[in-house]
Structure formats: C-alpha cells, structure tokens
J.: 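My questions will all concern the structure given below.
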Amino acid sequence: MVLIRIMRITGAEAVIRALIDAGADTIFGYPGGAIMPVYDALYGYREKIRHILVRHEQGAAHAAEGYARMTGRPGVCMATSGPGATNLVTGIADAMLDSVPIVAVTGQVAGKLLGTDAFQETDVISVTIPLTKWNFQITEAREIAGVVAKAFYIASSGRPGPVLIDVTRNAQTEMVEYHYEPVTYLDTVKVVTQPKAEDLEQAAALINGAHKPYLLVGHGVSVSGAEKEVVELAEKAGIPVASTLLGLSSFPVAHPLYTGMLGMHGNYGPNMLSNNADVVIAVGMRFDDRVTMNLAGYLAKSKLIHIEIDPAEIDKNVKVAVPIVADAKEALRELLKLVQKNSHTEWLEEFRRLNQVEEEKIIKPGSHPQGGKLRMIEAVTQLSEKTQGKAVIVSDVGQHQMMSARYYKFAETNSYVTSGGLGTMGFGLPAAIGCKVGAPSRQVIVIVGDGSFQMTLQELGTIMQEQLPIKIMLLNNSYLGMVRQWQEMFFEGRYSFTGMANPDFIKICESFGIEALRVQDRSELGAGIDKMLAAEKAFLLEVVVDMEENVFPMVPAGHSITDIRLE
C-alpha cells in the first residue's frame with residue numbers, strides 16, 4: 001500500500017504554489033499590507049517564479065497584458081487591497097475589451113473585517129464584476145488551489161479575458177492541506193470550438209458564388225493562431241483582405257491581397273469599398289464603432305459570414321447571414337476544404353486604384369516632405385524600413401498609435417500590441433515590459449506620445465531594475481495630439497487645455513540610467529534610429545515633430561465610412 005503524503009502549508013504559500021502549478025512563470029506586482037503574507041511566501045520561490053516589481057499597479061496589469069499577448073498564456077498581476085486593487089482596474093478593463101487573458105490576484109482585509117470599512121478595504125469584487133469574465137473572493141485557505149485552477153481555465157478558454165481573485169488576509173495565514181488539480185472543463189462555461197457542418201456549407205456557397213468577396217481580419221485571428229489559415233483562404237479564393245486595428249500583423253502587409261486597415265483612420269480603399277462587397281467574411285472581430293462608424297447602411301448590400309467564438313457578438317451590431325460560432329482556426333481549416341479556387345482581379349484593382357489616391361495625396365508627401373518640420377509619418381516609416389517590419393511594435397494611444405498602425409509594415413505575426421477597445425493612455429510602456437519578458441528574443445519597440453508617456457513613465461524604473469533592453473520612440477509634439485486634431489477640425493481650432501509644457505525627457509531617462517537622444521532635424525533622424533536599434537540596453541529616442549501634424553484619412557465621428565476625408 002502506497003501512502004500519499006499531502007503537505008500542510010499556509011494559504012499564502014498555497015497561492016504561490018497554485019500559480020506555479022497553473023503554469024505561471026512571472027508575476028508583475030506591487031506589495032502591500034493585505035497581500036504581505038503572499039509576498040513573504042514568494043520569497044522562498046524566487047527560483048521557480050519571477051517577480052517583477054512595477055512602479056504602479058496599473059503598470060502591473062498592462063505588463064500582464066503584454067506578456068499574455070506575446071505568449072498566449074494568462075499574464076499574472078498582483079496587488080494589495082484598497083488602492084492597490086483599484087489601481088489594477090484600468091488594466092483589467094483594458095484586458096476585458098481586448099480579450100486578453102490575465103489573472104489578477106489581490107489581497108484583502110481579514111474576513112471578520114469585511115464590510116466594516118477597515119483600513120484599505122475596498123469591495124473589489126463588486127467593482128470588477130462588469131470588467132472580468134469571472135471573479136471570486138477567497139475567505140478560507142482550503143479554497144485557494146481550486147479557485148486558482150478555475151481562474152486560469154476561465155481566463156484562457158473560449159474568448160479570453162481577465163479574472164480576479166481576492167484573497168482575505170486570514171485565508172493567507174491559515175494552514176491548509178495543499179493539493180492542486182488543473183481544471184479542464186466547467187459546466188458553467190460553455191465553449192464551442194468546432195463549427196457546424198451546415199454553417200460551413202452555407203458560408204462556402206456564398207463565397208464560391210461571390211463577385212466581390214471581402215475578408216476582414218480581427219484580433220481573434222491572432223488569439224486562435226489562425227494566421228496561416230487566413231492567408232490560405234484569401235489566396236485560394238482570391239479575396240481582398242483588410243484588418244482591424246488589433247488584427248494588424250495577422251496578415252502580411254506586403255501580401256498582394258492585403259488592402260489596408262479599416263476604421264476611422266484606416267486606409268482609403270478598405271473604407272470606401274466595404275459597402276460595395278457582396279459577401280463579407282469577418283473573422284474574430286466584434287464590429288466596433290471605430291470600424292463601422294455610423295451603422296446606418298453599413299454592409300447593407302452584403303451577405304455577412306461572421307466567424308466568432310463568442311456567440312454574444314453575433315448579430316450584436318451588424319446583421320449576420322451565416323454565423324459560425326467556433327474557434328477561428330478550426331472554422332477556417334474546415335472552410336478551406338469547401339471553398340473553390342477563384343480570383344477577383346477587377347475587384348482587387350478597385351482597392352488598388354483608391355489606395356493609390358491615398359498614396360499620392362497623403363503617404364508620399366508625408367514620408368518624403370519637401371522641407372518643414374519633422375513628421376511622425378517619417379519617423380515610423382524609417383523605423384519600419386530599418387527593422388524590415390520584424391520588430392514587435394507596442395503603441396500607446398493617440399496620433400502616434402494611428403501613425404504606427406498605418407505606416408509600420410508588419411512582416412511577422414503577433415507583432416502589434418496596443419490598447420484597442422478602451423484606448424488607454426499609459427498602456428504602452430508597461431505593456432512593452434510584459435512583451436519583452438514574454439518574448440525576450442524579439443526586438444520590442446514602444447512608440448509613445450509625450451502625453452501618454454507621462455502617464456506611466458515611472459515604469460522606466462522597472463526597465464532599469466530588470467535591465468530590459470526595450471527601445472522607446474517618443475514622438476513629441478507638445479500636445480495631446482489626437483484631442484488637438486479634433487479641436488482643430490470640429491471645435492473651430494479652440495485648443496482647450498491640450499498644449500503641454502513638457503519636462504526634459506532626456507534628463508529623466510538619464511536619471512534612470514537609460515541612454516537617450518533627442519533629434520529635431522530631418523538630417524538627424526536616420527542616424528538617431530540606427531543608434532537606438534544598435535543599443536544593447538534600453539534606449540529612448542525623442543523625435544521632436546510638427547506640433548500640428550494631423551492623421552488622415554479620417555472618418556468624422558457619427559458619419560458613414562464612405563465619408564472618409566483625405567484632408
């Protein structure tokens with residue numbers, strides 16, 4: 001007879017052991033009173049799990065997002081109760097809207113103090129109910145292993161997203177017999193990954209009979225690892241392809257079937273011709289308002305095939321002809337068997353003609369200006385050329401985000417990380433930390449504006465402490481640029497509180513031991529980028545750009561996508 005010895009450990013140690021057993025190898029966190037027993041237990045596991053001390057809890061959540069985006073595994077962030085927990089909320093909300101799997105662990109006051117307004121007590125469970133796929137408050141140590149296992153399963157199953165575990169202090173100090181079992185199925189979590197045969201047949205019939213088919217690529221393609229299948233479908237059926245913001249890098253920019261980005265600041269052809277398509281295949285996207293703009297008349301003449309793992313997104317914004325509720329990779333793999341070889345040369349040529357208009361009107365003049373101040377488009381274009389489109393680009397939110405999305409020519413998959421649904425300023429720098437930790441062999445470059453940079457620049461301290469060779473391109477126009485552009489275009493040029501008196505960013509970087517360089521003249525730009533890319537350690541390149549450069553094309557809010565403006 002074999003006796004199995006079940007160890008007795010503290011709840012705090014059980015938290016750490018459960019995270020390790022769930023597959024976590026990194027925690028992005030910030031200690032405090034209510035989570036201190038867990039941090040004390042973590043001290044003995046430093047060889048098994050890496051802890052990265054951020055400088056603000058929001059940075060921990062965004063870093064966990066970046067890690068998850070690079071690895072496909074849940075990122076873990078940890079904080080104390082009260083302000084520590086509430087500081088995670090922005091990152092949790094960001095992960096929810098962009099379908100990023102993270103597991104947030106927060107400390108909480110002792111169970112007997114719950115509801116008494118104890119020091120640093122916040123009802124983080126109620127706060128995060130609408131922002132998470134699932135949350136749970138652990139009040140007894142015996143719950144820990146099971147809840148952690150469940151949390152990792154829920155975060156990564158189906159449409160990924162954030163979960164939160166709140167652990168009371170007494171649960172951390174109690175002794176418990178530890179035993180971990182992974183969760184592989186839950187009755188309460190219905191996940192459909194396999195497509196229905198009849199849906200696939202209907203979809204294939206529409207595609208095979210289409211005259212102007214159109215393939216829209218969303219973030220779900222990358223989440224499911226379906227990049228290869230998307231390319232195969234487009235090539236087999238000769239379908240023009242466009243991408244959402246978060247779908248960028250899921251389809252090669254240099255591919256002859258690629259037409260550009262959709263949406264408010266997307267390319268001219270993809271927006272102008274969307275409503276001309278007779279069959280639209282949308283893969284892993286939710287028809288966000290920044291893509292559809294005014295829904296009146298959007299895809300009114302099209303038969304829509306929507307491949308989406310979350311049934312809640314079907315018919316939510318746009319009427320669907322053939323819903324395929326399934327994992328994108330599985331659905332496309334089966335659909336490929338039914339789709340016939342085809343080409344749509346004349347239809348593709350329509351996109352090329354319109355995009356040539358954009359090329360002549362906007363891109364060439366911006367990339368190769370005749371005199372004047374440096375422009376963001378020049379900086380991103382040169383960065384793309386010098387990296388051959390192979391870097392991981394992490395973008396913050398603003399004009400620089402749209403410039404990076406439009407002008408970096410992504411040559412590798414899973415190469416663009418940004419905040420889409422929530423549009424979180426301050427996302428870029430901490431997310432880049434998570435990206436570099438998750439993919440240490442890849443070149444990680446974060447593109448930020450002066451406004452967004454100042455929201456989380458304290459994470460330079462994390463980069464310094466962890467010695468992460470992250471490259472930062474700061475496009476400095478001394479404005480909150482996107483807001484200023486709207487004020488110029490729609491508020492009669494009244495720049496209400498958007499001008500910024502900025503600090504000396506070079507000195508700030510130097511104080512963190514990070515090399516930095518400022519370029520202001522066009523003649524300095526190329527050499528500046530070369531120096532940044534050649535640096536073995538972290539490096540910031542500040543590019544001082546035209547204060548009133550605008551991002552075009554642009555669809556004004558509330559307008560149809562065909563109301564896209566080139567100036």
Side-chain angles (χ1 to χ4, degrees), residues 8-19 21-22 24 27-43 51 54 56-58 60-61 64 74 76-96 102-155 161-180 183 186 188-189:
R8 285 183 62 82
I9 58 178
T10 65
E13 188 175 353
V15 170
I16 301 302
R17 287 186 63 90
L19 290 174
D21 287 342
I27 299 171
F28 303 93
Y30 202 98
I35 197 69
M36 203 174 294
V38 173
Y39 268 89
D40 183 62
L42 180 60
Y43 189 82
H51 180 274
V54 297
H56 190 283
E57 293 88 352
Q58 181 183 345
V76 180
C77 54
M78 190 157 67
T80 192
S81 63
T86 56
N87 282 345
L88 289 176
V89 168
T90 295
I92 292 170
D94 193 274
M96 187 67 175
I102 67 171
V103 174
V105 180
T106 54
Q108 185 54 275
V109 301
K112 65 182 180 180
L113 295 177
L114 290 171
T116 67
D117 293 333
F119 177 67
Q120 290 194 333
E121 180 191 2
T122 297
D123 185 359
V124 70
I125 295 297
S126 295
V127 169
T128 58
I129 282 174
L131 306 176
T132 54
K133 287 186 70 178
W134 180 71
N135 64 15
F136 190 88
Q137 187 173 75
I138 294 174
T139 57
E140 299 178 63
R142 63 181 179 84
E143 301 172 309
I144 289 170
V147 169
V148 170
K150 185 176 179 180
F152 273 76
Y153 174 77
I154 292 175
V163 299
L164 180 135
I165 305 169
D166 194 41
V167 191
T168 60
R169 206 174 193 282
N170 63 287
Q172 298 173 45
T173 56
E174 291 170 3
M175 300 299 292
V176 64
E177 292 185 348
Y178 178 78
H179 175 67
Y180 182 89
V183 172
L186 288 171
T188 54
V189 181

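Since this is a predicted model, take the numbers as computed values, not measurements. The residues of the chain are indexed from 1 along the displayed sequence.
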J.: Taking atom CD1 of I92 and atom CD of Q58, what is their separation to the nearest 0.5 Å?
T.: 11.0 Å
J.: If you look only at pairs with a residue in residues 163-175, which of them pass as a salt bridge (charged side-chain N to carboxylate O under 4.0 Å, His left out), with sequence neighbours excluded?
T.: none
J.: Testing the basics here: between T168 and G111, what is the closest heavy-atom pair and its distance to 0.1 Å?
T.: CB-N, 4.0 Å
J.: Do V163 and T132 come within less than 4.5 Å of each other through their side chains, counting heavy atoms only?
T.: no
J.: Would you say that Q108 contacts I125 through its side chain, given a criterion of any heavy-atom pair below 4.5 Å between the two side chains?
T.: no
J.: Could you check whether any side-chain N or O of T80 sits under 3.5 Å from a backbone N or O of G107, counting only pairs where one atom can act as donor and the other as acceptor?
T.: no
J.: Can any side-chain N or O of Y178 pair as donor or acceptor with the backbone N or O of A18 at less than 3.5 Å?
T.: yes
J.: Check whether E121 reaches the backbone of G115 with its side chain - one donor and one acceptor, N or O, closer than 3.5 Å.
T.: yes
J.: Is the count of non-hydrogen atoms from other residues, nucleotides or ligands lying under 6.0 Å from Y153 atom OH greater than 12?
T.: yes
J.: If I take atom CZ from residue F28 and atom CD from residue E57, how far apart are they, to the nearest 0.5 angstrom?
T.: 15.0 Å
J.: Say you draw a straight line from CE of M36 to CG of L42; how long is it, rounded to the nearest 0.5 Å?
T.: 13.0 Å
J.: Quick one: does I144's side chain get under 4.5 Å of V176's, heavy atoms only?
T.: no
J.: Residues two or more places apart in sequence or in another chain: which of them pass side-chain contact (heavy atoms from CB on, under 4.5 Å) with V89?
T.: V127, T128, L131
J.: Which heavy atom in S81 sits nearest to a heavy atom in Q120, and how many Å separate them?
T.: OG-O, 2.7 Å
J.: Examine distances only and state if a side-chain atom of Y39 and a backbone atom of G33 form a donor-acceptor pair shorter than 3.5 Å.
T.: no
J.: Does a side-chain heavy-atom distance below 4.5 Å link V38 with V105?
T.: no
J.: Side chains of V109 and L114: does their closest heavy-atom pair fall under 4.5 Å?
T.: yes
J.: Just so I know, are the side chains of C77 and L88 near enough to count as touching, which here means a heavy-atom distance under 4.5 Å?
T.: yes
J.: Provide the closest heavy-atom pair for P37 versus Q172 in the form atom of the first, atom of the second, distance.
T.: CD-OE1, 3.2 Å
J.: Check whether any side-chain heavy atom of L186 sits under 4.5 Å from a side-chain heavy atom of K150, and report yes or no.
T.: yes
J.: Taking all heavy atoms of I102 and all of A61, pick out the closest pair and write down the distance.
T.: CD1-O, 4.4 Å
J.: Measuring from E177:CD to R142:CZ, what's the distance to the nearest 0.5 Å?
T.: 12.5 Å
J.: Are side-chain heavy atoms of I16 and Y43 found at a separation under 4.5 Å?
T.: no
J.: Verify side-chain contact (heavy atoms from CB on, under 4.5 Å) between K112 and N170, making sure each step is shown before the conclusion.
T.: CA-CA 9 Å; K112 65 182 180 180; N170 63 287; over 6 Å; no
J.: Closest approach of A151 and V103, non-hydrogen atoms and distance?
T.: O-CG2, 4.4 Å
J.: The criterion is side-chain contact (heavy atoms from CB on, under 4.5 Å); which residues satisfy it with E143, sequence neighbours excluded?
T.: F136, I138, T139, E140, V147
J.: When rounded to the nearest 0.5 angstrom, what is the spacing between CE in M175 and CD in E13?
T.: 8.0 Å
J.: Check whether D94 reaches the backbone of T90 with its side chain - one donor and one acceptor, N or O, closer than 3.5 Å.
T.: no
